[in-house]
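Proteins get letters first, then strands, A, B, ... in listed order; numbering begins at 1 in each. Keep in mind that this is a model prediction, so the values were computed, not measured. Values below: all heavy atoms of this structure, side chains included; hydrogens, waters and symmetry mates excluded.
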Amino acid sequence: MANMNMIQALNSAMDIMLGRDPAVVLMGEDIGYFGGVFRATEGLQRKYGEHRVLDTPIAEGGIVATAIGMSVNGLRPVAEIQFADYIYPAFDQICSELARIRYRSAGEFFAPVTIRTPCGGGIRGGQTHSQSPEGIFTHVSGIKVVMPSNPYDAKGLLITSIEDDDPVIFFEPKRLYNGPFDGNPNKPAVPWSTHPKGQVDEGYYKVALGKAEIVRSGSQVTIITYGTMVYVAAAAAAAMNIDAEIIDLRSLVPLDVDTIATSVKKTGRCVIAHEATRFSGFGAEILSIIQEECFWDLEAPIQRVTGWDTPYPHAFEWEYFPGQARVTRALKSVLEPA
Amino acid sequence: MRMSKQSRLHLPRVPARPGEAPDFSYVQLSPAGAVLRPEINARARDMLSLSIDLVRVLDDAGEAVGPWNPHLDPDELQVGLRHMMLTRAFDDRMQRMQRAGKISFYIRSSGEEAVSVAQCMALRPGDMLFPSYRNQGLQIVRGIALLDLMCQLLSNTRDMCKGRQLPVMYHSKPGNIFSISGNLATQFPQAVGWAMAAAIKGEDHLAASWIGEGSSAEADFHHALLFASVYQAPVILNVVNNQWAISTFQGYAGGEQRSFAARGPGYGIAGIRVDGNDFLAVHAVTQWAAERARTGAGPTLIELVTYRAAAHSTSDDPARYRAKDDAEHWPLGDPILRLKMHLMKIGEWSEARHQALTAELTALVASGWKEATTFGTLSEGPRLNADLMFEDVFKEMPQNLKRQQALMRAERS
């Protein structure tokens with residue numbers, strides 16, 4: 001085991017997969033010689049060569065399209081889209097092509113592409129470096145959607161994603177790259193070395209897709225979340241001194257409905273938290289599933305904690321970000337219904 | 001090209017990495033004055049060499065030579081020099097203010113000032129500009145107050161974007177400068193659409209847009225050229241080839257096999273390659289393209305060959321991926337020094353005037369900054385009302401946003 005931040009854990013996952021499987025190639029803008037703008041691929045081109053770790057033109061549509069072609073020809077491309085905010089030029093290739101190759105060819109062709117992309121706010125990135133578009137892609141049938149919240153999971157989930165024969169979009173909450181973040185920007189940054197999940201196995205291991213993790217078990221209320229909000233929710237619940245059960249989904253597609261339903265049936269109360277905008281967000285899907293699975297066990301209306309339904313504003317980052325105050329309000333509402 | 005008995009993946013050559021000597025032998029140069037100037041209504045297919053050669057007016061001695069000499073008045077040249085020097089003084093100060101934590105992010109245009117300044121001066125005020133994020137010279141030439149630019153950078157109470165955009169993403173409706181996007185190349189085909197509308201409406205305004213050579217890899221570049229060609233739109237499409245897109249060398253945008261200007265003729269559009277650090281050449285080429293657009297001769301693709309002397313942004317460190325002191329070896333020099341040399345050569349400038357102007361502009365920027373910070377900075381002073389976050393999502397605020405606005409207020413109280 002070694003101390004790793006999330007960047008190092010991701011780097012380790014790609015390093016191991018490049019070493020294990022000659023079909024694995026990395027591709028993306030600035031990822032080769034430079035090692036990526038967040039340094040996730042640092043040293044890998046030097047180690048595995050320019051034909052395995054490809055610098056690409058600045059063309060996200062081209063990156064995903066050629067990754068599809070490579071994958072159909074037997075490679076296992078891991079494509080980096082530098083920011084999730086820049087994934088949209090590849091939208092057609094992802095939704096109309098990547099997601100449907102297996103289906104439309106009756107399983108004869110398939111496209112094992114992994115798309116890694118940093119997402120989320122809290123870094124003063126404004127509207128073009130802060131978005132959380134995961135819900136847009138969960139709406140497309142045929143793509144798996146993953147979002148780790150810590151270095152240990154990041155590595156295991158990325159290895160699993162690369163080995164998966166279906167396409168995966170792997171969202172990396174960039175505010176968590178260097179440490180867990182509880183939503184309070186005025187507190188000193190906490191490094192991963194202080195957190196148990198910053199202890200990462202240096203070798204090969206997998207974390208299954210479609211398996212949520214109960215981060216904290218509790219009896220009073222279930223908080224269903226993923227990504228950065230895992231820590232915001234935990235901090236809010238701790239500050240309120242309530243016995244919350246906190247579920248980190250880790251993978252949105254496939255979704256671990258059993259863990260969600262079992263927990264909500266136990267607590268009878270539920271808050272769903274994500275950083276993305278509210279309207280038609282992934283929280284709405286979770287809420288619907290709980291309504292279908294747990295309606296007779298609910299003690300109070302389910303609450304959602306989300307970003308507001310506006311673009312991510314540069315100057316109002318912390319008014320926009322669903323911080324502890326927003327979580328607290330939702331928890332109070334669920335625990336003491338009017 | 002090497003021939004072999006099996007296919008191989010070619011990787012563009014990057015001339016000089018850290019620790020290596022700068023190498024610009026790949027840049028194809030033409031002597032100043034050597035390139036012919038075609039008639040305004042010449043057809044794209046009849047001037048293919050323009051997209052391969054390099055239009056230059058200023059020679060190494062600072063003389064203006066050849067058919068592209070725009071014969072500008074000394075007054076106009078002095079204004080151009082002033083705009084370029086102001087752009088640089090502004091950039092330098094804002095860079096320092098970012099480092100001091102007063103603004104969150106900044107992008108300099110150092111070494112590329114002639115692109116925005118000379119091009120904008122060759123256009124008319126009614127022409128619509130669709131800039132990238134490295135065209136602050138356009139704002140300067142169009143007379144946007146430094147105070148307005150600085151307040152945008154500060155996201156303060158006087159910010160034209162009401163706190164919604166990253167620094168440098170300016171806009172000016174009265175200045176006919178479109179809102180800058182942080183996404184790449186999106187403005188290029190939009191400029192074509194604007195120009196198509198001008199033609200539909202029978203107006204003689206044109207549109208001009210700028211992208212980096214790196215961004216020309218995006219599909220938007222193709223859309224722009226295609227639509228411009230199909231409709232012969234009155235548009236000037238500018239590829240600022242500053243050699244680097246963060247760490248991506250221009251060879252990775254396709255510049256290794258063919259010039260960027262040469263993409264134009266492939267679409268039936270005039271393509272012209274120009275020394276981007278030569279104020280006179282940039283002005284002349286832009287004026288030529290503008291006249292073509294206004295007289296119905298159609299669009300022009302201009303490749304401005306220049307060098308990104310600074311980092312990509314305040315988040316970037318080029319020492320990690322390119323040779324140290326690269327910019328000092330750039331064969332096309334510095335646009336400010338070259339115009340200064342020319343003005344001195346023709347007896348219209350002096351070292352003393354240059355120093356006085358430098359001091360004047362530095363003071364101008366300093367006083368602008370002092371005033372701008374009275375409206376607040378990132379870390380201190382007055383702040384914009386966060387209520388503004390919910391406005392302008394739609395023309396009229398829908399119910400869900402009204403509700404969220406109230407929740408946000410409650411959360412902050």
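Contacts of B/P18 with chain A are made by both backbone and side-chain atoms, with heavy-atom separations under 4.5 Å. In this structure, chain A has heavy atoms under 4.5 Å from both the backbone and the side chain of B/R320. Contacts between B/D316 and chain A at a heavy-atom distance below 4.5 Å involve the side chain alone, from C-beta outward. Using a 4.5 Å cut-off between heavy atoms, A/E42 contacts chain B through its side chain alone, with no backbone atom that close. Contact annotation for A/E317: neither backbone nor side-chain heavy atoms come within less than 4.5 Å of a heavy atom of chain B. Contacts of A/R329 with chain B are made by side-chain atoms alone, with heavy-atom separations under 4.5 Å and no backbone atom involved. Proximity to chain B is limited to the side chain of A/F279, based on heavy atoms less than 4.5 angstrom apart. Using a 4.5 Å cut-off between heavy atoms, A/T56 contacts chain B through its backbone alone, with no side-chain atom that close. Both the backbone and the side chain of B/L384 have a heavy atom closer than 4.5 Å to some heavy atom of chain A. For chain A, the nearby part of B/N400 is the side chain; its heavy atoms alone come within less than 4.5 Å. Within the 4.5 angstrom heavy-atom criterion, atoms from both the backbone and the side chain of B/L9 approach chain A. Proximity to chain A (any heavy atom under 4.5 Å) is shown, for B/A219, by neither the backbone nor the side chain. Contact annotation for B/L184: only side-chain heavy atoms (C-beta onward) come within less than 4.5 Å of a heavy atom of chain A. Residue B/D387: no heavy atom, backbone or side chain, is found under 4.5 Å from chain A.
Relative orientation of the B/W244 and B/Y321 rings is tilted, given thresholds of 30° and 60° on the angle between their planes. In this pair, B/F249 and B/Y26 present their aromatic rings perpendicular. The plane angle is above 60°, beyond the 30 to 60° band.
A distance of 6.0 Å or more separates the ring centres of B/F130 and B/F188. The ring of B/F105 has its center no closer than 6.0 angstrom to the ring center of A/H314. Note: B/Y133 and B/Y170 fail the aromatic proximity criterion, with ring centroids not under 6.0 Å apart.
Comparing A/F34, A/Y86, A/Y88, A/Y33 by heavy-atom pairs within less than 4.5 Å of chain B, the highest count is held by A/Y33. Chain A forms the most heavy-atom pairs under 4.5 Å with one residue out of B/A253, B/C161, B/G214, and that residue is B/G214. In terms of non-hydrogen atom pairs under 4.5 Å with chain B, the most contact-rich of A/Y312, A/W308, A/F83, A/W318 is A/W308. By number of non-hydrogen pairs under 4.5 angstrom with chain B, the leading residue of A/P89, A/G125, A/G61, A/G32 is A/G125. No other option in B/M169, B/Q405, B/R164 has as many heavy-atom pairs under 4.5 Å with chain A as B/R164. Ranked by heavy-atom pairs shorter than 4.5 Å toward chain B, the options A/G35, A/G126, A/A59 are led by A/A59. Each of B/S247, B/S315, B/G182 has some count of heavy-atom pairs under 4.5 Å with chain A, and the biggest count is that of B/S247. Chain B forms more heavy-atom pairs under 4.5 Å with one residue of A/Q127, A/R124, A/R326, A/E50 than with any other, namely A/R326.
Ion pairing between B/R17 and B/D23 fails under the 4.0 Å rule for side-chain N and carboxylate O. Electrostatic pairing of B/E20 and B/K324 does not count as a salt bridge here, judged by no charged N lying under 4.0 Å from a carboxylate O.
For the residue pair B/F260 and B/G254, the shortest heavy atom distance occurs at CZ-C, 4.4 Å.
A donor-acceptor contact shorter than 3.5 Å links the side chain of A/R304 to the backbone of A/R278. Judged by distance alone, with hydrogens and angles left aside, the side-chain atoms of B/Q404 form a donor-acceptor pair with the main-chain N or O of A/D309 at under 3.5 Å. A/N73 contributes no side-chain N or O that, together with a main-chain N or O of A/M70, makes up a donor-acceptor pair within less than 3.5 Å. Of the possible donor and acceptor atoms, one in the side chain of B/Q152 sits under 3.5 Å from a partner among the backbone N and O of B/L166.
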For this session: Take B/R263 and B/E303 through the salt bridge (charged side-chain N to carboxylate O under 4.0 Å, His left out) test and state the conclusion after the steps.
Result: CA-CA 10 Å; B/R263 311 267 168 93; B/E303 175 184 350; over 6 Å; no
